[in-house]
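One-based numbering along the sequence shown.
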Amino acid sequence: MQSSLSLSVSSNSSSAIHRSSNAFQSVPLAHSSHINLRFCGLRREALGFYSLRHSDSSRVRLLSTRSRSKKLVLASFSDNGSPKSFDYDLLIIGAGVGGHGAALHAVEKGLKTAIVEGDVVGGTCVNRGCVPSKALLAVSGRMRELQNDHHLKALGLQVAAAGYDRQGVADHANNLASKIRSNLTNSMKALGVDILTGFGMILGPQKVKVGSSDKVITAKDIIIATGSVPFVPKGIEVDGKTVITSDHALKLETVPDWIAIVGSGYIGLEFSDVYTALGSEVTFIEALDQLMPGFDPEIGKLAQRVLINPRKIDYHTGVFATKITPAKDGKPVTIELIDAKTKEPKDTLEVDAALIATGRAPFTQGLGLENINVATQRGFVPVDEQMRVIDSNGKLVPHLYCIGDANGKMMLAHAASAQGISVVEQVSGRDHVLNHLSIPAACFTHPEISMVGLTEPQAREKAEKEGFEVSIAKTSFKANTKALAENEGEGLAKLIYRPDNGEILGVHIFGLHAADLIHEASNAIALGTRIQDIKFAVHAHPTLSEVLDELFKSAKVKAHTSSPLNEPVAV
């Protein structure tokens, strides 16, 4: 979504920066005019805004991005106009990726910043999620290459039987998490961010207690960034050994011969990739009628043909796992299944282990939200499109924001970071709204799956409501020289768009390095770039980026000239 920055321009202003379709140009302004600067992206430096000054003396905003100064001149800074009335300009509860991104951007804006962490710096992503899982997936990817005789022979290679050391693989994941955690800690300390150890509890407006001490920290603005934990449905007993969550699985203490994975979303798919590469047999248990329900149906169908069917994977769809009992006394893990619709008993499975991959739940208990009259909704903190917290009466809680998994808008680490940066923009004096439809997502299987924007069913539903046409363009990796050189031609890129004006509604990719390729599309959506403009972009040959080049060129757009896009709705 394009966000709007309003500037009041006094009579002595002769020009202002204005966004055209291609560049920023100076245009004359009338006496006492009011303009909107609409921009996308997360950092104003990308558009050349290194400082902005209001001529209105009551709203002076001096925004420094390079000096690392800890002074922010803002007349409305506090109730009494004095920044010294608070311990910090910004206090962030939670030091995960979202909190870290917000803290670094806050320092760049000159805010005196502290971050509260009750566990370890890096949160779920670094310690129990994105980072260690990618280390395991790097191993599974190499194992697949070394075990694929047909693929190697096609390249003229001969490799002896591949093997692995389980502890060595586990150490690789743990060491990577430790390294990234250390890097995050050092980066914040180097920039002067205070790291306060202990759980943060909100005592009242702009007041937080940290840990068990009686000391109260005050801050002009507060961001909740407490993240999430694995969600375990009722009836499932987790022992951490034979019935596990992703937190346990990332330690790779064992590689079971047969493991059931409950849930076939991102987490389940990635772990199926790891376990099958390391020799396990996998059984998926999915409550909905098809695997990978969150993906575009066409991409999901192709992914199932490549990622599921040829591997040692079977599946049960349309069933709930109502009871899972850990292995004990020589007995296997037992899983009782019922029909998802009729609730009638369906089957009982006996496996060596079970991984619960049914999603994540917000970690918001003990935050003291009741002290400010805020009630969670299914555990999530209610917020508006600017991440401002909403109380039980539907009113905004002043100076309080919530980002990331805790608000439930989009449970992705980079979405949390983007939301945090957006909040910092706001507390620094900018009216900023993040377009969540421009945020990409990726599943790091082999090959990868990535997506941004709407799926085809979502786009067609939107089109029916709003009265416009939807068109589809596709291109295959089999037509890409670089993919063929790698002998990795299995893949598809799909573009969903409006043929009347060239608006990109969604892009979905399944294939080699799909997670890297998606960003050209996500940035195009964020910047409001039309297909008729982006199809003239030049891509190096031979590269995988030409998959997107061909995709955009194959689209049939009726309009040949650009016009402003309708502003997307924040979710």
Side-chain angles (χ1 to χ4, degrees), residues 1-2 40-41 265-266 269 290 292-304 409-412 414-415 418 433-445 447-477 491-511 513-535 537 544-545 547-559 562 565-571:
M1 171 174 292
Q2 292 178 324
C40 298
Y266 293 84
L269 275 177
Q290 73 281 340
M292 297 173 275
F295 298 93
D296 181 87
E298 186 172 11
I299 295 294
K301 184 177 180 180
L302 175 59
Q304 181 172 334
K409 281 182 174 288
M410 185 173 277
M411 299 179 79
L412 298 169
H414 50 280
V433 177
L434 177 66
N435 178 14
H436 285 78
L437 290 178
S438 71
I439 297 176
C443 185
F444 294 85
T445 48
E448 297 172 342
I449 310 171
S450 64
M451 65 218 69
V452 65
L454 304 175
T455 63
E456 184 175 344
Q458 290 171 338
R460 294 199 181 281
E461 181 180 357
K462 178 181 174 69
E464 185 176 351
K465 289 181 180 179
E466 299 182 12
F468 60 83
E469 294 181 43
V470 170
S471 289
I472 306 295
K474 304 172 193 176
T475 185
S476 172
F477 278 63
L492 173 72
K494 177 178 181 179
L495 169 66
I496 306 165
Y497 68 99
R498 289 184 56 165
D500 59 335
N501 64 8
E503 179 182 355
I504 301 171
L505 300 174
V507 173
H508 303 263
I509 309 173
F510 174 67
H513 294 300
D516 299 308
L517 294 176
I518 196 65
H519 294 92
E520 181 171 3
S522 66
N523 288 337
I525 293 174
L527 295 170
T529 306
R530 303 276 184 156
I531 294 171
Q532 56 266 38
D533 294 324
I534 199 171
K535 67 167 51 180
L544 291 172
S545 70
V547 170
L548 273 297
D549 186 35
E550 292 299 322
L551 184 66
F552 292 127
K553 282 182 167 59
S554 65
K556 307 299 182 184
V557 179
K558 298 174 184 177
S562 298
L565 284 171
N566 292 328
E567 190 165 317
V569 177
V571 296

Point-to-point distance, once rounded to the nearest 0.5 Å, from [atom1] of [X] to [atom2] of [Y]:
| X | Y | atom1 | atom2 | result |
| --- | --- | --- | --- | --- |
| E448 | I518 | CD | CD1 | 11.0 Å |
| R530 | I504 | CZ | CD1 | 10.0 Å |
| L544 | F477 | CG | CZ | 6.5 Å |
| S522 | L527 | OG | CG | 9.0 Å |
| N501 | Q532 | CG | CD | 7.5 Å |
| Q290 | K301 | CD | NZ | 12.0 Å |

Which atom pair, heavy atoms only, marks the closest approach of [X] to [Y]?
| X | Y | answer |
| --- | --- | --- |
| S471 | P499 | OG-CG, 3.3 Å |
| P440 | L412 | O-CD1, 3.7 Å |
| A442 | A515 | CB-CB, 3.6 Å |
| L434 | A418 | CD2-CB, 3.7 Å |
| A473 | L551 | O-CD1, 3.4 Å |

For I496, which of L454, V507, I472 qualifies under side-chain contact (heavy atoms from CB on, under 4.5 Å)?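 Going through the options one by one, the only one that passes is I472.
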
Could you go through the side chain to side chain contact (heavy atoms under 4.5 Å, CB included) check for L548 and I509 one step at a time? CA-CA 9 Å; L548 273 297; I509 309 173; 3.8 Å; yes

Between E464 and R460, is the salt bridge (charged side-chain N to carboxylate O under 4.0 Å, His left out) condition met? List the steps. CA-CA 6 Å; E464 185 176 351; R460 294 199 181 281; over 6 Å; no

Using modelled atom types only, decide if a donor and an acceptor are shared between the side chain of S438 and the backbone of I525 within a distance under 3.5 Å.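 No, the answer is negative, given that no donor and acceptor are paired below the 3.5 Å cut-off.
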
Please evaluate residues M451 and F295 with respect to the criterion side chain to side chain contact (heavy atoms under 4.5 Å, CB included), reporting the C-alpha separation (whole Å), side-chain torsions for both, the decisive distance (0.1 Å), and the verdict. CA-CA 8 Å; M451 65 218 69; F295 298 93; 3.3 Å; yes

From CA spacing to verdict: side chain to side chain contact (heavy atoms under 4.5 Å, CB included), V470, E456: CA-CA 9 Å; V470 170; E456 184 175 344; 5.6 Å; no

Side chain to side chain contact (heavy atoms under 4.5 Å, CB included) between F510 and K494, worked out: CA-CA 9 Å; F510 174 67; K494 177 178 181 179; over 6 Å; no

Decide salt bridge (charged side-chain N to carboxylate O under 4.0 Å, His left out) for K558 and E469; before the verdict, give the C-alpha distance in whole Å, the side-chain angles of both, and the deciding distance to 0.1 Å. CA-CA 11 Å; K558 298 174 184 177; E469 294 181 43; 3.4 Å; yes

